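First the proteins, then the strands, lettered A, B, ... as listed; each starts at 1. Side chains included, hydrogens not; waters and symmetry mates left out as well; all remaining heavy atoms used. These numbers were taken from a predicted model, which means no experiment stands behind them.
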Amino acid sequence: MSEKVGLLKYMQKEPTPKKEPSQEKIEEIETEVDEEVSGDEEEEVEVKFEGLPYFCPENYGPGLVLSVEYDGKSNLAFARLYDPKTKKLFCWYDNTNHHPYCYSDLDCEKLRQNKKLMSHEGLLNFEEVEKYDLLSDKTVKMTKIVAKDPLAIGGKTNSIREILPKAWEARIRYHDNFIFDRNIIPGLFYQIEKGNIIKTTTEIPSPIKKQLETALGETNKFRDVLDEFLPLFLTPVPDIKRAAIDIEVYSPIQDRIPDSSTAENQVICISIVSSENENRILLLRREDVEAGERPKGLPQDVKIEYFNSEPQMLKRAFEAMSEYPIIITFNGDNFDLRYLYNRAVRLGVKKEEIPIILTNEFAYMTTSIHIDLYRFFHNRSIQVYAFSDRYKEETLDAISKALLNVGKLTLNKSIHKLSLLELAYYCWWDSQVTLKLTQFDGNLVMKLIILLMRISRLSAEDLTRQGVSSWIKNLFYYEHRIRNYLIPLPEDINRIKGIGETKAIIKDKKFRGAIVVEPEAGVHFNVAVLDFASLYPSIIKEYNLSYETVRCPHPECRKNIVPETNHWVCTKRNGITSIIIGFLRDIRVKWFKPKSKDRTLKEEERIWNSIVERALKVYLNASYGVFGAEHFPFYCLPVAESTAAIGRYAIQRAIGKAKSLGMKIIYGDTDSVFIKNPSPQSIEELRNWSKKELQIDLELDKEYRYVALSDRKKNYLGVFRDGSVDIKGLTGKKRNTPQFAQESFLKMVETLSRVQSQEDFDKAKKEIQEIARTCYNKIKNKEFSLEEFAFHIQINKPLHSYVKTTPQHVKAARQLTKNGKELKPGDIISFVKVRGKDGVRPVELASKEEIDTEKYQEYLKSTFEQVLDAIGIDFQKIIGVTRLDMWV
DNA sequence: GCGGACTGCTTACCT
DNA sequence: ACAGGTAAGCAGTCCGCG
């Protein structure tokens with residue numbers, strides 16, 4: 001065994017650096033100076049791992065693949081796997097002689113004439129291959145250009161992809177390429193046998209498989225895809241050992257966030273809480289601060305270690321963190337890990353002793369997998385589809401309140417004034433809340449992450465840091481690679497497919513979207529809402545939409561026109577994205593959705609099915625939008641546009657059919673129709689018609705006792721038969737609305753929920769009048785607190801970049817910054833409306849005297865009118881003639 | 001010098 | 001860095017007005 005020092009000392013066997021094959025002899029010419037491309041490259045460069053402190057066994061496993069990365073020192077791809085028995089990571093280095101590469105449409109002969117290419121020191125060899133090009137629907141001859149290291153392909157100014165006139169698949173990161181080519185699926189189990197990595201197969205019970213095939217239908221065109229995906233959906237996820245960390249930094253000024261890039265101030269506390277119930281608090285003694293009493297909330301078994309030296313404390317923390325295969329943080333990329341690293345360097349700790357690697361945006365660990373939950377929860381798709389918008393703000397406090405029902409501790413003094421033990425408690429609290437975010441509902445978040453990793457073929461670190469378009473991109477890349485399809489260049493898709501043809505209603509949008517039916521204002525009793533089940537994915541599936549099938553090269557397909565456009569769709573082959581999205585849709589709708597509600601199943605199984613169902617929903621909901629997103633590598637406006645156009649066609653046809661059946665449509669939005677007082681038979685007839693005529697399922701989604709519609713679209717209040725209420729779009733429930741208005745609004749809604757019939761309305765109207773009048777008078781007499789008066793509006797960009805206009809919340813924010821408060825995008829400004837120059841004042845600085853009561857009365861009026869309009873009450877009449885009007 | 005009509009900006013929502 | 005459509009409030013601009 002080697003005597004190698006440093007981090008490599010734990011390796012059982014050092015990976016043998018890649019040998020260079022020589023199928024094609026390449027002459028040596030003197031090389032040019034390499035220049036690394038600066039950070040403004042559009043894609044991430046590989047993270048530089050240089051030797052890792054892992055056990056790299058010859059025979060071992062099975063373990064769960066958590067990451068696949070590239071090690072610059074050995075010039076090899078490697079995987080980090082989690083061993084459920086020892087609860088530790090182990091490592092596997094590529095022994096398959098895989099190399100970075102890209103494709104050229106030039107043959108070897110031509111390429112050899114390219115001096116610059118031939119003299120590139122990273123060039124290994126050429127290989128002539130055949131690929132299937134979906135854009136031309138033809139087999140094409142390509143040359144695979146193989147290189148020694150990823151930077152030779154791309155990432156430097158003289159990389160091969162820059163030398164070639166045109167290079168395919170040259171912008172896919174090496175470790176992703178490796179995942180695709182070796183078919184290593186992150187999130188599944190693998191065994192190491194004689195140094196080779198081998199997938200541990202999941203037994204799918206044959207009855208289940210039979211049931212599934214039946215569920216997907218006799219003419220199931222997804223049979224191959226099913227085999228590929230089933231293990232991803234059915235392999236259980238183990239409980240992975242992990243620890244959450246949180247640090248506190250000394251900050252002499254309140255409201256000032258410590259700068260993690262300079263790390264000027266002391267780290268005064270580090271807390272590590274693990275899934276194995278190990279709690280550690282590392283606390284720095286400070287001369288001027290007393291220990292204080294141990295807070296009651298801090299459990300007795302939580303160990304506190306005191307340190308006199310900060311570097312000692314940091315080193316101890318690094319050791320402790322390295323014991324865990326997964327480190328969880330909340331904003332560790334930008335704060336905790338970044339601060340620890342920079343602080344340690346500043347205090348003279350040797351870089352080799354810091355197990356952290358920083359890039360521009362991210363923080364990784366050499367000894368663990370780092371998951372930054374802030375990034376994951378910040379992801380819009382996760383927020384909206386996985387957690388149904390239950391948290392509205394991406395702070396630890398807001399998320400834990402929404403999902404765990406516990407918030408952060410409230411501090412009554414600033415951090416630097418806390419006693420040591422108070423500080424310890426505060427720090428510990430945050431780290432245990434962070435850990436709990438991965439544990440609630442039977443490790444829901446961890447399971448969701450692993451499942452999304454499997455579907456996207458992304459490591460835990462990449463998955464949690466990338467958005468849904470990257471997840472879909474990676475899945476599509478993989479599906480191309482296994483079918484030997486050439487991954488098209490975005491510019492070729494664009495050139496061949498062209499741009500949009502429809503005109504958007506909103507200025508600056510690229511194509512026309514959905515239809516919203518003009519609501520019939522008033523109260524409607526007995527309303528059924530029918531909607532198309534996942535409309536856009538269904539369209540993509542049933543109408544064969546994909547970047548290669550829309551405006552395909554075959555003249556004979558040109559008759560197959562998409563309504564309202566001149567786009568045509570291929571009649572000869574199944575589109576790849578149509579197949580993938582179609583499969584995900586079918587298996588969600590026909591299997592996981594029903595199974596997640598199936599009471600005959602064990603609860604654990606039901607929960608798992610609902611996690612899969614939610615994961616699939618995330619992909620499906622984004623599947624149409626990505627084709628209209630310029631940065632998406634399969635960006636294809638005609639696909640997005642056709643999807644929306646067929647959607648409009650579907651809802652219009654359905655409305656037409658409903659009317660012909662004598663139904664009254666009172667509202668509709670995108671994929672739904674609100675039908676007044678329909679007969680069950682006509683609903684059935686409409687549904688059957690839709691299935692037959694449009695090939696899309698129309699479902700009875702909701703039944704309201706009554707719906708109150710104003711003349712505003714996307715604004716309504718529906719009361720279900722059981723008295724529960726659906727509120728959409730109304731100001732009263734928006735998060736920026738002042739509390740006083742929300743509460744009065746809620747009272748009105750409560751009153752309305754008790755209404756059973758037309759007759760009840762008269763009573764309800766009286767009650768509502770009373771609610772409105774009471775609130776109106778309370779405003780006049782300023783009986784609400786400043787907090788209740790406050791609007792809460794988010795700033796979405798740095799304050800200095802509001803240049804075109806200065807909205808009120810920005811005015812308020814600027815007043816705060818004058819007082820020394822630091823504000824950043826994402827922060828929510830609470831302000832009240834006041835009489836006088838600016839018209840606004842942040843709550844922190846406001847006084848009750850200056851409240852502009854007229855503005856508030858006006859606001860209450862408009863909040864209530866959204867509902868009162870519908871039920872036929874005039875707000876002005878409720879509160880009587882006022883002020884000036886009296887003399888008119 | 002001021003107010004109304006208008007457009008544009010911004011946020012938060014719906015599907 | 002998934003899309004487009006809608007509401008609401010306010011900021012800013014232009015124009016007319018003895």
Asker: Nearest whole Å is fine: how far is B:dA12 P from A:Gln866 CD?
Answerer: 16 Å
Asker: Quick one: is B:dT10 close enough that its OP1 or OP2 comes under 4.0 Å of any side-chain N or O from A:Lys797?
Answerer: yes
Asker: Please check if the distance between the ring centroids of A:Phe674 and A:Tyr716 is under 6.0 Å.
Answerer: yes
Asker: Within the pair A:Lys733 and B:dC14, is there a side-chain N or O less than 4.0 Å away from OP1 or OP2?
Answerer: yes
Asker: Counting the atoms with a prime plus P, OP1 and OP2 as sugar-phosphate, which does A:Ser862 contact under 4.0 Å by heavy atoms, base, sugar-phosphate, or nothing?
Answerer: sugar-phosphate
Asker: Over all strands shown, is A:Lys811 touching base, sugar-phosphate only, or nothing at heavy-atom distances under 4.0 angstrom?
Answerer: sugar-phosphate
Asker: From CD1 of A:Ile540 over to C1' of C:dA3, roughly how many Å is that when rounded to an integer?
Answerer: 11 Å
Asker: Decide yes or no on ring-ring contact (aromatic ring centres under 6.0 Å, His included) for A:Phe740 and A:Tyr856, but give the supporting numbers first.
Answerer: CA-CA 10 Å; A:Phe740 84 90; A:Tyr856 278 99; 5.7 Å; yes
Asker: Is the shortest side-chain N/O distance from A:Ser469 to OP1 or OP2 of C:dC2 below 4.0 Å?
Answerer: yes
Asker: Are A:Arg712 and B:dC14 close enough that a side-chain N or O sits under 4.0 Å from OP1 or OP2?
Answerer: no
Asker: Using whole Å, report how far OH of A:Tyr547 lies from C1' of C:dC2.
Answerer: 18 Å
Asker: Under 4.0 Å, counting only non-hydrogen atoms across every strand here, what does A:Phe511 touch: a base, just sugar-phosphate, or nothing?
Answerer: sugar-phosphate
Asker: Would you kindly compare A:Arg735 and A:Val803 by the position of their nearest DNA chain B nucleotide and give the one closer to the 5′ end?
Answerer: A:Val803
Asker: Once you round it to whole Å, what is the distance between P of B:dT10 and CG of A:Asn796?
Answerer: 10 Å
Asker: A:Gln808 has an atom CD; how far is it from atom P of B:dC9, in whole Å?
Answerer: 18 Å
Asker: Is the centre of the A:Phe634 ring less than 6.0 Å from the centre of the A:Tyr477 ring?
Answerer: yes
Asker: By the 4.0 Å heavy-atom rule, please label A:Arg512 as base, sugar-phosphate, or nothing.
Answerer: sugar-phosphate
Asker: Would you check if the distance from the ring center of A:Tyr635 to the ring center of A:Tyr547 is below 6.0 Å?
Answerer: no
Asker: On DNA chain B, check which nucleotide each of A:Asn736 and A:Asp531 is closest to and give me the residue with the more 5' one.
Answerer: A:Asn736
Asker: By the 4.0 Å heavy-atom rule, please label A:Gly513 as base, sugar-phosphate, or nothing.
Answerer: sugar-phosphate
Asker: Which nucleotide wins on minimum distance to the side chain of A:Lys714, given the candidates B:dC14, C:dA11, B:dT11?
Answerer: B:dC14
Asker: What distance do A:Phe532 atom CZ and A:Asp671 atom CG have between them, rounded to the nearest 0.5 Å?
Answerer: 8.0 Å
Asker: Tell me: NZ of A:Lys392 to P of B:dT11, nearest whole Å?
Answerer: 17 Å
Asker: Are OP1 or OP2 of C:dC10 and a side-chain N or O of A:Lys833 less than 4.0 angstrom apart?
Answerer: yes
Asker: Could you pull out the closest heavy-atom pair between A:Leu535 and A:Thr670, with the gap in Å?
Answerer: CD2-O, 3.8 Å
Asker: What integer distance in Å separates A:Ile505:CD1 from C:dA7:C1'?
Answerer: 15 Å
Asker: Identify whether any heavy atom of A:Gln794 sits under 4.0 Å from a base atom; if not, whether one sits that close to sugar-phosphate; answer base, sugar-phosphate or nothing.
Answerer: sugar-phosphate
Asker: For a quick check of understanding: with a heavy-atom distance under 4.0 Å over all strands, which category does A:Thr806 fall into, base, sugar-phosphate or nothing?
Answerer: sugar-phosphate
Asker: Between A:Tyr802 and B:dT11, does any side-chain N or O lie under 4.0 Å from OP1 or OP2?
Answerer: yes
Asker: Taking CG from A:Asp508 and P from B:dG8, how many angstroms apart are they, rounded to a whole number?
Answerer: 10 Å
